[in-house]
Amino acid sequence: MSKPFCLNCNRIRLTADGKLRYCLFAIQEDDVKGPMRAGASDEEIAALVRRNVAAKWEGHEINSAHFVPPPRPMYSIGG
């Protein structure tokens with residue numbers, strides 16, 4: 001990636017298996033499918049989404065020595 005755009009990114013991703021990611025390079029995911037199937041209210045799901053977005057990094061540092069690759073590559077999350 002030659003020009004990072006993290007600070008302007010407003011995307012979140014819902015994976016094919018029901019996990020919410022604030023970045024394709026996120027190393028943690030929040031389960032959305034489980035709470036939905038358990039009957040979570042719209043407010044509970046909205047709070048989960050807000051928590052996930054609030055955890056968004058300032059940048060993934062893909063071009064630095066600090067970069068930590070995500071446990072699942074993009075092809076396994078539907079990215």
Side-chain angles (χ1 to χ4, degrees):
M1 180 177 303
S2 60
K3 186 176 179 188
F5 52 89
C6 298
L7 292 177
N8 297 320
C9 179
N10 63 0
R11 297 178 183 179
I12 57 176
R13 284 108 179 140
L14 184 62
T15 66
D17 58 352
K19 304 291 193 275
L20 189 65
R21 298 172 67 102
Y22 54 78
C23 176
L24 284 175
F25 298 104
I27 56 173
Q28 63 188 50
E29 303 171 330
D30 289 315
D31 182 32
V32 177
K33 182 174 72 172
M36 288 182 77
R37 289 202 173 163
S41 68
D42 289 347
E43 291 81 20
E44 291 170 314
I45 299 299
L48 185 151
V49 171
R50 280 192 293 276
R51 280 191 310 271
N52 184 276
V53 172
K56 185 173 173 60
W57 302 337
E58 196 172 312
H60 49 64
E61 300 185 338
I62 193 168
N63 293 325
S64 80
H66 303 303
F67 178 66
V68 176
R72 296 199 303 167
M74 280 189 252
Y75 67 80
S76 71
I77 64 168

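Numbering of residues begins at 1 and proceeds along the displayed sequence. Heavy atoms only: backbone and side chains are in, while hydrogens, waters and symmetry mates are out.
Interatomic distance, CG of Asp17 versus CZ of Arg72, reported as 4.0 Å (0.5 Å rounding). Cys23 contributes atom SG, which lies 11.0 Å from atom CZ of Arg11 (distance to the nearest 0.5 angstrom). Asp30 CG to Thr15 OG1: the interatomic distance, rounded to the nearest 0.5 Å, is 10.5 Å. Between the CD1 atom of Ile45 and the CE atom of Met36 there is a distance of 5.5 Å, given to the nearest 0.5 Å. With values rounded to the nearest 0.5 angstrom, Asn52 atom CG is found 12.5 Å from Lys19 atom NZ.
Residues Tyr22 and Ala55 come closest through the heavy atom pair CZ-O, 3.7 Å. Considering every non-hydrogen atom in both Ala26 and Arg21, the closest pair reads O-NH2, 2.8 Å.
Leu14 and Ile27 fall into different hydrophobic clusters, where Ile, Leu, Val, Met, Phe, Trp and Tyr are joined by side-chain heavy atoms under 4.5 Å apart, directly or via other members. Val53 and Val32 fall within a single hydrophobic cluster, where Ile, Leu, Val, Met, Phe, Trp and Tyr are joined by side-chain heavy atoms under 4.5 Å apart, directly or via other members.
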